[in-house]
Amino acid sequence: MLYQSTRSSYVTDDVHALLTGLAPDGGLFVDPALGAGAFDWRECLRLPPLGMASMLLRHLLPGITEMDELVRRAYSGKFSRDELTPLVPVGDQYVLELFHGPTSAFKDVALSMLPQLIRAARGQLGETGETLILTATSGDTGKAALEGFHDVEGTRIVVFYPENGVSDVQRKQMVTQKGNNVSVCAVRGNFDDCQRGVKLAFSHLRERSDLHLSSANSINIGRLAPQLVYYFIAYARLLGMGRISLGDRVDYVVPTGNFGDILAGYMAKRLGLPVGRLVCASNANRVLTDFFRSGVYDRRRDFVRTSSPSMDILVSSNLERLLFYAFHGDTDAVSAAMTKLDTEGCYAVDGAVMDALREDFAAFCCSEEETAETIGKVYRRCGYVCDPHTAVAFHAAERYCAEAGGCAPLVVLSTASPYKFPGRVLQSLGQSVPENEFDQMDALHELSRIPIPANLASLRTAEEIHLDVIDRDRICAYVENAAKGDKR
Ligand SMILES: *Cc1c(COP(=O)(O)O)cnc(C)c1O
């Protein structure tokens with residue numbers, strides 16, 4: 001099975017694509033024939049969640065052997081719910097809770113799996129050098145990646161996060177990470193600075209034969225592939241509840257940042273799952289909303305720091321993969337758009353291509369006031385407490401249904417536990433907000449009666465170990481030091 005770069009005719013097999021993360025020309029790896037090969041999506045829907053994951057991953061990464069065992073190791077006993085991602089009725093909609101993994105983040109779904117895939121790929125290729133995982137995080141990826149990779153043999157992981165761009169709980173989760181192969185570093189800048197620095201480090205260090213670089217960001221196909229499963233899980237649950245019949249279309253509303261989550265939904269659709277619209281929900285950083293509406297992607301705007309920091313992104317990397325499919329594999333066109341984005345800060349997409357994209361996607365954005373209002377509204381109407389990222393999606397769902405004059409069964413993807421952002425949630429619910437974040441968790445618990453996830457409660461007494469802070473132009477040097485620092 002061959003993966004191709006989005007920017008040229010460069011191809012490599014799935015195992016190498018997994019280990020390198022990014023193509024040498026800077027493009028992302030895609031399966032140019034996605035959806036053309038036979039995938040029995042009906043059969044997939046009949047399997048239990050781990051069986052679904054295994055079947056999807058075997059299809060997307062056929063070069064990796066013993067997938068059942070890898071899936072079992074990744075998920076068994078690590079998620080607090082057997083169904084992996086439970087589907088909860090809220091009002092007349094459904095919320096797909098993606099946050100029941102070891103760090104209470106939706107990214108656990110992918111980042112529990114990725115280390116297993118990388119370890120298997122290394123084994124199959126007989127690699128002996130260390131694989132260095134570089135990660136830029138806007139909050140949740142960092143901790144989920146650290147949790148997935150710490151002490152995994154043959155790997156080392158370095159995580160960069162924006163110094164003032166993550167919540168207190170998120171910071172605490174990362175800086176307390178134990179393990180003898182981990183580095184965590186704050187960067188004076190925003191998430192885009194971190195991501196750009198990591199991409200630069202990749203291009204500077206890729207020629208070094210002693211380092212095998214890989215990425216835990218959703219630019220890695222091994223991050224994306226495990227995310228298709230929950231679109232199937234939700235669909236199967238709706239079937240099981242008798243809410244839909246096989247073949248009915250279901251709309252999914254996705255709180256979006258780097259466009260990985262929602263792209264997995266698009267990939268599931270290409271594999272046959274009856275997905276209706278994928279509704280792209282953005283916060284005040286509304287680049288994607290403007291793109292889907294106008295056909296112009298324009299990152300030349302102020303970066304807004306919001307209460308949903310995992311979505312504070314102006315350059316959504318995985319949109320490049322969607323462009324590849326929208327342009328029918330025309331890599332020159334993708335390449336030209338990405339160059340324009342780099343040099344001029346914007347690009348425009350042809351009207352006919354945008355019309356086709358609007359068959360699959362809708363897009364809405366949500367201001368800070370609307371986010372807070374929505375948290376209150378959903379609680380008062382349905383007794384459901386959601387975090388700010390999920391609130392952005394609820395808001396988009398409401399706008400989408402209003403605009404369409406009603407809608408098909410709708411699944412709202414919930415990407416974070418409200419306990420990740422307890423202060424903001426309490427404030428939005430009109431409660432008083434204790435100063436300490438752990439007291440905030442307790443107050444939220446008093447109100448909601450939802451158990452506090454153990455991994456978050458235990459942070460209260462955990463020791464902070466990683467205190468490095470650097471300027472954004474020092475990322476590459478930091479990586480080099482981390483790599484040679486303690487080679488064991
Ligand atoms: C990462 C993340 C998102 C955005 O997902 P993308 O795949 O980057 O679009 C949304 N919400 C939360 C809580 C996240 O951690």
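Read the numbers this way: they start at 1 and go in the same order the structure lists the ligands and their atoms. As the structure is a computational prediction, the values presented were derived from the model and not from experiment.
Ring to ring, Phe39 and His59 are close: their centroids are under 6.0 angstrom apart. Taking the six-membered ring for Trp and the full ring otherwise, Tyr266 and Phe361 have centroids separated by under 6.0 Å. Aromatic ring centres of His389 and Phe421 lie closer together than 6.0 Å. Aromatic ring centroids of Tyr252 and Tyr231 lie under 6.0 Å apart.
The backbone N or O of Cys366 sits nowhere less than 3.5 Å from a side-chain atom of Asn283 that would complete a donor-acceptor pair. Judged by distance alone, the side chain of Ser54 and the main-chain N or O of Leu50 form no donor-acceptor pair under 3.5 Å.
Between the choices Gln227, His389, Lys107, Lys420, the shortest heavy-atom distance to atom 3 (C) of ligand 1 belongs to Lys107.
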Side chains of residues 297-304: which donor-acceptor partners sit under 3.5 Å, not counting sequence neighbours?
unit_1: Tyr297; atom_1: OH; unit_2: Leu314; atom_2: O; d: 2.6
unit_1: Tyr297; atom_1: OH; unit_2: Ser316; atom_2: N; d: 3.1
unit_1: Asp298; atom_1: OD1; unit_2: Arg300; atom_2: N; d: 2.9
unit_1: Asp298; atom_1: OD1; unit_2: Arg300; atom_2: NE; d: 2.9
unit_1: Asp298; atom_1: OD2; unit_2: Arg300; atom_2: NH2; d: 3.0
unit_1: Arg299; atom_1: NE; unit_2: Leu341; atom_2: O; d: 3.3
unit_1: Arg299; atom_1: NH2; unit_2: Leu341; atom_2: O; d: 3.0
unit_1: Arg299; atom_1: NH2; unit_2: Asp342; atom_2: O; d: 3.2
unit_1: Arg301; atom_1: NE; unit_2: Asp298; atom_2: O; d: 3.0
unit_1: Arg301; atom_1: NH1; unit_2: Asp290; atom_2: OD2; d: 2.9
unit_1: Arg301; atom_1: NH2; unit_2: Asp290; atom_2: OD2; d: 3.1
unit_1: Arg301; atom_1: NH2; unit_2: Asp298; atom_2: O; d: 3.1

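Proximity to Thr256 (heavy-atom distance under 4.0 Å) selects the following atoms of ligand 1: 9 (O). Remark: ligand 1 atoms within the under-4.0 Å shell around heavy atoms of Met311 are 10 (C). Close approach of ligand 1 to Asp140 (heavy-atom distance below 4.0 Å) involves ligand atoms 13 (C), 15 (O). The distance from ligand 1 to the heavy atoms of Gly260 drops below 4.0 Å at these ligand atoms: 6 (P), 7 (O), 9 (O).
Distance from atom 11 (N) of ligand 1 to its nearest protein heavy atom, with residue and atom name: Thr415 OG1, 2.8 Å. For atom 7 (O) of ligand 1, the nearest protein heavy atom (residue, atom name, distance) is Asp261 N, 2.8 Å. Among protein heavy atoms, the minimum distance from atom 5 (O) of ligand 1 is reached at Phe106 CE2, 3.6 Å. Looking from atom 9 (O) of ligand 1 to the surrounding protein, the closest heavy atom is Gly257 N, 2.8 Å.
Among the atoms of Ala416, none of the N or O lies under 3.5 angstrom from an N or O of ligand 1. For ligand 1, the polar-atom distance check against Asn258 finds a nitrogen or oxygen pair separated by under 3.5 Å.
At least one heavy atom of Pro255 sits less than 4.0 Å from an atom of ligand 1.
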### Task
Take Phe160 and Ile470 through the test side-chain contact (heavy atoms from CB on, under 4.5 Å) and record every step on the way to the result.
CA-CA 10 Å; Phe160 296 99; Ile470 60 170; 4.0 Å; yes
